[in-house]
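One structure below.
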Amino acid sequence: MSQVKYTLTEAQMPASWYNLQADLPTPAPPVLHPATGQPVGPNDLAPLFPMALIQQEVSQERYIAIPEEIQDIYRLWRPSPLYRARRLEKVLDTPAKIYYKWEGVSPAGSHKPNTAVAQAYYNKQEGINRISTETGAGQWGSALAFAGSLFDIEVVVYMVKVSYHHKPYRRVMMETYGARVVASPSTETQAGRDILARDPDSPGSLGIAISEAVEVAIKDERTKYSLGSVLNHVMLHQTVIGQEAMAQMEQAGDYPDIVIGCTGGGSNFAGLAFPFIGEKLRGGRDVAVIAVEPTACPTLTRGPYAYDFGDTAHLTPLVKMYTLGSTFVPPPIHAGGLRYHGMAPLVSHVVNLGLVKPRAEPQLACLAAGIQFARAEGIIPAPEANHAIKAAIDEALRCKEEGTSKTILFNLSGHGHFDLQAYLSYMEGNLQDMQYSTEALQQSLASLPVVAE
Ligand SMILES: *Cc1c(COP(=O)(O)O)cnc(C)c1O
């Protein structure tokens with residue numbers, strides 16, 4: 001069997017992040033202040049984020065240098081490997097070539113430390129020693145807890161209550177790195193107390209946990225807030241993935257016809273896809289790009305493109321994005337990292353421009369794809385990543401039907417070692433495809449904020 005693994009030397013690691021904003025045909029709509037309806041300025045965001053990240057948020061520079069200290073930490077696991085999935089190709093008996101970028105090699109087990117380390121660094125630079133955040137499945141909390149430990153920053157994580165109870169090992173991982181983990185909704189914040197007063201048994205949601213973490217940062221000037229996805233600077237930090245993948249595809253003497261990523265808030269997808277989309281926008285090689293989300297939380301495929309809040313208690317600014325409404329609570333699928341009601345404004349923008357085709361896949365089919373992948377390639381993927389695998393397999397099978405050979409590249413965003421309950425339930429036959437309540441969705445969408453555009 002010929003070469004399957006493409007590695008870069010540390011010297012070949014990207015020294016800059018790539019900013020898609022520099023190459024967009026039209027700029028993404030501005031972030032608005034909910035009280036005034038006017039674009040927010042840096043000072044509006046200053047209570048939440050260090051100034052360096054606020055500047056990255058609005059930067060139009062194509063490349064932003066990665067500080068040496070961050071590169072040093074990246075080198076713990078970067079450059080990450082890119083694989084040709086020859087054994088999967090063989091199992092599928094497809095003429096397609098399938099490549100995947102493997103982000104599960106980071107200490108936290110996913111792509112998320114790419115931004116967690118950068119965010120911790122910039123906070124520390126500005127004298128911040130305490131960060132609050134939220135986590136759904138625990139991946140983001142683990143990544144920020146890891147980054148916080150490297151920079152001696154205290155991290156408090158509001159963890160969605162169902163996950164807190166279902167995934168004790170993720171919690172222990174965060175605590176091992178020194179973070180404090182609180183089940184959300186909690187009694188520590190007004191946002192949490194309000195939810196509990198209305199619904200004492202609330203399983204929590206990412207929207208609620210964000211409200212709690214944001215409230216803590218607003219009320220304590222020594223605490224900043226950190227978000228693991230959605231924001232422009234998070235998409236930016238993740239572009240090391242796509243830049244490395246481009247160099248590795250070149251090593252392989254190949255270029256993808258199709259690039260695929262799963263989308264929760266959009267960051268691992270953006271990290272892989274944005275450098276390829278930028279190449280296309282600058283008049284370079286063409287590429288088809290697919291964003292895959294769960295049918296239980298179909299933000300891109302069912303939500304309107306509208307201004308909405310990022311959280312349930314409406315403490316965040318308004319961003320234009322595909323959204324299911326900030327009060328929408330998706331059913332508790334195992335791919336907890338894909339249960340966000342909104343989508344990154346930059347990802348939403350490129351979907352709206354037609355540069356990206358979204359699709360939704362149900363839980364059972366994704367688990368089946370993940371198991372097929374594990375048996376062929378050896379890696380047990382995170383349930384989130386299974387959505388990308390499902391689409392990659394479908395595209396490869398389409399090639400087989402049509403007798404065409406295409407090059408497919410997808411992001412394998414993390415491993416599933418803490419998600420074996422999902423695999424257990426599937427193999428025991430106890431896993432169902434979850435339906436969201438269309439009534440709840442309509443209600444949630446009916447309360448979208450009214451914004452004059
Ligand atoms: C968090 C997470 C996701 C979803 O978040 P994005 O911001 O959309 O990338 C996907 N895969 C893994 C492994 C995750 O941990």
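Whatever order the structure lists them in is the order used to number ligands and atoms, beginning at 1. Both backbone and side-chain heavy atoms feed into the values below; hydrogens, waters and symmetry mates do not.
Under the 6.0 Å cut-off for aromatic ring centres, Y255 and F276 qualify, their centroids lying closer than that. Aromatic pair Y305/Y322: ring centres closer than 6.0 Å. Aromatic ring centres of F373 and Y100 lie closer together than 6.0 Å. Taking the ring centroids of F309 and H314, they lie under the 6.0 Å cut-off.
Environment of CZ in R359: crowded, with over 12 heavy atoms of neighbouring residues, nucleotides or ligands closer than 6.0 Å.
Judged by the 6.0 Å and 45° rule, R84 forms no cation-pi pair with Y6.
Using a heavy-atom distance under 4.0 Å as the criterion, the protein contacts of ligand 1 are S110, H111, K112, Q139, S229, C262, T263, G264, G265, G266, S267, N268, G337, L338, A382, E384, S413, G414.
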